[in-house]
Amino acid sequence: MMNDISVKRTSQTQFICATDSVELNAERLFSVQEVCTGKIVEAINRQYEGTNMGLPFEIEIENIIELSKSTLFLYRVKFQEII
């Protein structure tokens, strides 16, 4: 069901999540967002694996773009400074 979702990192703080679904109903939209967020968290955790940098961060959707055959979710990750 969720095999049609891919995540690509476009910069240090931006990710694009794509699904081949269009016109998502509320339930499917929530499911896609959950999968996208999970994949982003995995990517960030892999980046800092083996380091002492347990950076707290927030993930938010900046934009949702519906194309003719897919839907794109643009995410921004906000890292919190540790002082």
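Quick caveat: nothing in here was measured; it's all calculated off a predicted structure. We number each residue from 1, following the sequence as shown.
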Working for side chain to side chain contact (heavy atoms under 4.5 Å, CB included), residues Val7 and Ile16: CA-CA 6 Å; Val7 173; Ile16 294 176; over 6 Å; no
Full working for salt bridge (Lys or Arg N to Asp or Glu O under 4.0 Å) between Lys69 and Asp4: CA-CA 12 Å; Lys69 295 184 180 182; Asp4 64 337; over 6 Å; no
Chi angles and distances behind the side chain to side chain contact (heavy atoms under 4.5 Å, CB included) call for Phe73, Ile65: CA-CA 6 Å; Phe73 298 81; Ile65 303 168; over 6 Å; no
Do [X] and [Y] share a hydrophobic cluster (ILVMFWY, side-chain heavy atoms under 4.5 Å, transitive)?
X     : Y     : answer
Phe30 : Val35 : no
Phe79 : Ile61 : yes
Leu67 : Ile5  : no

For Glu58, salt bridge (charged side-chain N to carboxylate O under 4.0 Å, His left out) partners two or more places apart: none
Salt bridge (charged side-chain N to carboxylate O under 4.0 Å, His left out) involving Lys78 - partner list, sequence neighbours excluded: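 If we apply the salt bridge (charged side-chain N to carboxylate O under 4.0 Å, His left out) test to Lys78, skipping adjacent residues, the hits are Glu60.
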Rounded distance [0.5 Å steps], OG1 in Thr71 versus CG in Leu29: 8.5 Å
Spacing of Tyr75 atom OH and Cys36 atom SG [to the nearest 0.5 Å]: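 Between atom OH of Tyr75 and atom SG of Cys36 there are 4.0 Å.
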Result of checking Thr37, Ile59, Ile40 against Phe15 for side-chain contact (heavy atoms from CB on, under 4.5 Å): Ile40
Expected output: side-chain Lys39 to main-chain Glu34 donor-acceptor under 3.5 Å: no
Check: Arg9 side chain, Gln12 main-chain N or O, donor-acceptor pair, under 3.5 Å: yes
Phe57 atom CZ: more than 12 heavy-atom contacts under 6.0 Å: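 It does: Phe57 CZ has more than 12 such atoms within range.
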pair Ile64-Leu72: side-chain heavy atoms closer than 4.5 Å: no
